[in-house]
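Start at 1 with the first residue, then count along the sequence.
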Amino acid sequence: MQDTRDALEQRQIPIYFAAVALAAVAAWALPGTGVLERAINPALALMLYVTFLQVPVAELRRAFGQVRFLTALMVANFIMVPLLVWALLQFLPADPLLRLGALLVLLAPCIDYVVTFSHLGRADARLLLAATPALLIAQMLALPGYLGLFLGDDAARLVQAGPFLHAFVWLIAVPLALAAATQVWAARSRRGASASAWLGLLPVPATALVLFVVIASVLPQLGPATQAAWSMVPVYAAFAVAAPALGWLVARAFRLPAASGRAVAFSAGTRNSLVVLPLALAVPGAIPVLPAVIVTQTLVELLAELAYVRVIALWGRGQPASQ
């Protein structure tokens, strides 16, 4: 079973692009794929549950024990990256909806496949895995403040408390609580451990399912959002280049070993796009612009990861690999 999971994780980029291609074909060839819009939230809930199941809540104490690493991780993701995002925001159209999409996706550090890619890129993936609960908690606390800071009055107009809170509770908090309960069950029961192992095979297929459902349902409605999505590509590409470099500089400032520094670089460059998608869909009039903007970032990022696992792996050669 572990071999199957490893194979899925190592082949996740072609799997995701295959899901995107199949969704595009389905949207073109089959009329009525817009009805899949009703499947977006159930697919997201499944994906987030099995994703959160991989977040080791019990390891949170270990992450807090690595003070220098955790501090560097937080500085990179919640000080340096927001400064970079603010600078890139100046190159976007003044459309508040576009800016909201960019902020939602670029301000939220990844908590799932970043661990796999960081391992492939010779980073300290175990340390990054232990820190993922702290990253998730920090981004959910920080995101409303950053949206208000960067969007001003537009934040209050676009992000209405009721739908936003509903999406957070049912599509983030509830799957997270169920995942934590499953982890407890797995720790105390052989059946729970077996169920958890089987569920551990699902993150990549569930993510591919979300990409398929979102793209197949949104593509027929895309229209003017096509230009909006293309306008984001240069900004996302610039972020993909600059963010890991900033993470590496922060790691060097904190004098982290090379493998830990690479983990900070991977975290700074990899975003939580599909986890924040439910929050984006809670915005009135979100479809098709916000899903298009967010999925575009996912596709740019997946291409960037192919470079990261080769380039970041070379950073810090000759330095101590671990603490």
Exercise for the section: Answer yes if V214 and I13 sit in the same cluster of Ile, Leu, Val, Met, Phe, Trp and Tyr residues linked by side chain heavy atoms under 4.5 Å apart, and no otherwise. Expected result: yes
Exercise for the section: Using the rule that two of Ile, Leu, Val, Met, Phe, Trp, Tyr join whenever any of their side-chain heavy atoms come within less than 4.5 Å, decide whether V25 and L211 are in one cluster. Expected result: no
Handout entry: Distance in Å, M47 CE paired with L209 CG, rounded so as to fall on 0.5 Å steps
Key = 10.0 Å
Practice task
With the side chain counted from C-beta on, respond yes when F212 and L36 share a heavy-atom pair under 4.5 Å apart, and no when they do not.
Solution key: yes
Completion exercise
Shortest non-hydrogen pair, S260 vs F69, comes out as O-CE1, 3.6 Å
Practice task
Kindly say whether A180 contributes a backbone atom to a donor-acceptor pair with the side chain of Q183 at under 3.5 angstrom?
Solution key: no
Problem - Trace of the side chain to side chain contact (heavy atoms under 4.5 Å, CB included) decision for L143 with L279 - result: CA-CA 11 Å; L143 197 54; L279 304 181; 4.2 Å; yes
Practice task
Kindly indicate whether the side chain of E305, heavy atoms from C-beta on, has any atom under 4.5 Å from the side chain of R310.
Solution key: no
Problem - For the student: nearest non-hydrogen atoms of A251 and G261, plus distance - result: CB-CA, 3.4 Å
Identify all side-chain donor-acceptor contacts of residues 89-114 below 3.5 Å with residues at least two apart in sequence or on another chain.
| residue | atom | partner | partner atom | Å |
| --- | --- | --- | --- | --- |
| Q90 | NE2 | W86 | O | 2.6 |
| D95 | OD1 | L97 | N | 2.9 |
| R99 | NE | P93 | O | 2.9 |
| R99 | NH2 | L89 | O | 3.2 |
| R99 | NH2 | L92 | O | 3.1 |
| Y113 | OH | E301 | OE2 | 2.5 |

Problem - Between NE2 on residue H119 and OG1 on residue T116, distance to nearest 0.5 Å - result: 8.5 Å
Handout entry: R157 atom CZ: more than 12 heavy-atom contacts under 6.0 Å
Key = yes
Problem - Flag for R5-Q10: side-chain donor and acceptor within less than 3.5 Å - result: no
Problem - Heavy-atom side-chain proximity of N41 to L44 below 4.5 angstrom - result: yes
Practice task
Start with the C-alpha gap between F52 and L136, add the side-chain angles, then the distance that decides, and say whether side chain to side chain contact (heavy atoms under 4.5 Å, CB included) holds.
Solution key: CA-CA 10 Å; F52 293 151; L136 178 63; 3.8 Å; yes
Exercise for the section: Taking T71 for its side chain and V67 for its backbone only, find out whether a donor-acceptor pair lies under 3.5 Å. Expected result: yes
Exercise for the section: Looking only at non-hydrogen atoms, find the nearest pair between A123 and A263 and report the distance. Expected result: CB-N, 3.4 Å
Handout entry: Minimum heavy-atom distance G269-Y308, with the two atoms named
Key = O-OH, 3.8 Å
Practice task
Kindly indicate whether the side chain of L128, heavy atoms from C-beta on, has any atom under 4.5 Å from the side chain of D124.
Solution key: no
Exercise for the section: Could you check if a side-chain atom of T270 sits within less than 4.5 angstrom of a side-chain atom of F117, using non-hydrogen atoms only? Expected result: no
Practice task
Assess whether side chain to side chain contact (heavy atoms under 4.5 Å, CB included) is satisfied between W28 and L219, documenting all intermediate values.
Solution key: CA-CA 8 Å; W28 173 75; L219 205 57; over 6 Å; no
Completion exercise
Heavy atoms of L201 and L8 approach each other most closely as O-CD1, 3.4 Å
Problem - Any L135 side-chain heavy atom under 4.5 Å of N77 side chain - result: yes
Exercise for the section: Search all heavy atoms of P220 against all heavy atoms of S217 and return the closest pair with its distance. Expected result: CD-O, 3.6 Å
Handout entry: Pairwise side-chain contact, R122 with R262, heavy-atom cut-off 4.5 Å (strictly under)
Key = yes
Problem - Exam field: side chain S231 to backbone A228, donor-acceptor pair closer than 3.5 Å - result: yes
Handout entry: Stepwise side chain to side chain contact (heavy atoms under 4.5 Å, CB included) check, L246 with V81
Key = CA-CA 8 Å; L246 282 176; V81 165; 5.7 Å; no
Fill in the blank from the handout: Residue pairs passing the ring pair (Phe, Tyr, Trp, His ring centres under 6.0 Å) test with at least one member in residues 219-263, sequence neighbours excluded, are W248-W315
Problem - Y146 side-chain N/O to F78 backbone N/O, donor-acceptor pair under 3.5 Å - result: yes
Problem - Check: S267 main-chain N/O paired with R271 side-chain donor or acceptor under 3.5 Å - result: yes
Practice task
Using atom types as modelled and distance alone, determine if a side-chain donor or acceptor of T132 lies under 3.5 Å from a backbone N or O of L129.
Solution key: yes
Handout entry: L306 reachable from V311 in the ILVMFWY side-chain graph, under 4.5 Å edges
Key = yes
Handout entry: Inter-residue atom distance L73.CG - F266.CZ, 0.5 Å rounding
Key = 13.5 Å
Practice task
Check whether any side-chain N or O of R252 sits under 3.5 Å from a backbone N or O of L256 as a donor-acceptor pair, and report yes or no.
Solution key: yes
Practice task
Find out if a path of hydrophobic residues (ILVMFWY) with successive side-chain heavy-atom gaps under 4.5 Å connects I15 to V115.
Solution key: yes
Listing, residues 168-176 side-chain donor-acceptor contacts under 3.5 Å, not counting sequence neighbours, or none:
none

Handout entry: Co-membership, hydrophobic cluster, residues V50 and W185, 4.5 Å side-chain
Key = no
Exercise for the section: Spell out, as yes or no, whether a donor-acceptor pair under 3.5 Å connects the side chain of T182 to the backbone of L178. Expected result: yes
Exercise for the section: Answer whether the closest heavy-atom distance between the side chains of L303 and L299 falls below 4.5 Å. Expected result: no
